[in-house]
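The structure appears right after this line, and notes come after that.
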Amino acid sequence: MERNVIAKNTTIIGDIKSEGDFRIDGTLEGSLITKGRVIIGTDGVVKGKIDSTNTDIEGTFSGELLANNTLTIKASANITGDVIIGKLSVEPGASFNATCAMKGTIKELNTGNEAKKASEKTAS
């Protein structure tokens with residue numbers, strides 16, 4: 001897979017969809033959907049939504065983040081918003097002010113709700 005780069009001093013406003021990896025050292029305002037890895041460098045800023053397999057954050061992220069596998073948060077990272085992940089790795093010193101849910105837990109909760117609804121229907 002190719003690696004796409006949003007270079008320092010570059011700002012992109014809009015939505016991006018790709019199969020490859022992304023490195024963001026500039027600014028992205030919008031959504032990024034990829035089956036690859038997203039790396040937000042120390043100077044990188046993302047405001048919006050990221051949907052990826054793996055995400056590494058060294059810079060600033062604000063918005064909604066879905067990391068289907070692993071989210072790695074480096075010491076220099078600043079994260080706010082809503083985060084849904086498979087696994088989480090946080091270095092000491094990182095700023096992580098977000099609501100966080102792990103995918104396995106969400107699946108278990110949804111399964112429990114479906115079972116409850118099914119029992120409610122048959123109880124009438």
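Because the structure is predicted, anything quoted here is derived from the model rather than measured.
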Does a side-chain heavy-atom distance below 4.5 Å link L71 with I57? yes
Separation of F61 CZ from T80 OG1 (nearest 0.5 Å): 8.0 Å
Working to the nearest 0.5 angstrom, can you tell me the gap between I73 CD1 and F96 CZ? 4.5 Å
According to a 4.5 Å side-chain heavy-atom criterion applied to Ile, Leu, Val, Met, Phe, Trp and Tyr, with indirect links allowed, do I33 and I6 form part of one hydrophobic cluster? no
Inspect the contact between R23 and D21 and indicate whether a charged nitrogen and a carboxylate oxygen are less than 4.0 angstrom apart. no
Side chains of D15 and S31: donor-acceptor distance under 3.5 Å anywhere? yes
Tell me, which pairs form a salt bridge (charged side-chain N to carboxylate O under 4.0 Å, His left out) where one or both residues lie in residues 74-98, sequence neighbours left out? K74-E91
I need the single residue from D25, T27, D43 that forms a side-chain hydrogen bond (donor to acceptor under 3.5 Å, both in side chains) with K8. Which is it? D43
Please answer whether the main-chain N or O of S52 pairs with a side-chain N or O of N68 as donor and acceptor at a distance below 3.5 Å. yes
Among V45, L32, V5, I39, find the one that has a side chain to side chain contact (heavy atoms under 4.5 Å, CB included) with I24. L32
Measure the CG-NZ distance between D51 and K35 for me, rounded to the nearest 0.5 Å. 10.5 Å
Spell out, as yes or no, whether a donor-acceptor pair under 3.5 Å connects the side chain of T34 to the backbone of G20. yes
Straight-line distance of I12 CD1 to L28 CG, nearest 0.5 Å: 6.5 Å
Can you measure from CG (N69) to OG1 (T53) and round to the nearest 0.5 angstrom? 7.5 Å
The complete set of salt bridge (charged side-chain N to carboxylate O under 4.0 Å, His left out) pairs with one or both residues in residues 52-70, sequence neighbours excluded, reads R37-D56
What residue among V83, I40, I16 forms side chain to side chain contact (heavy atoms under 4.5 Å, CB included) with I50? I40
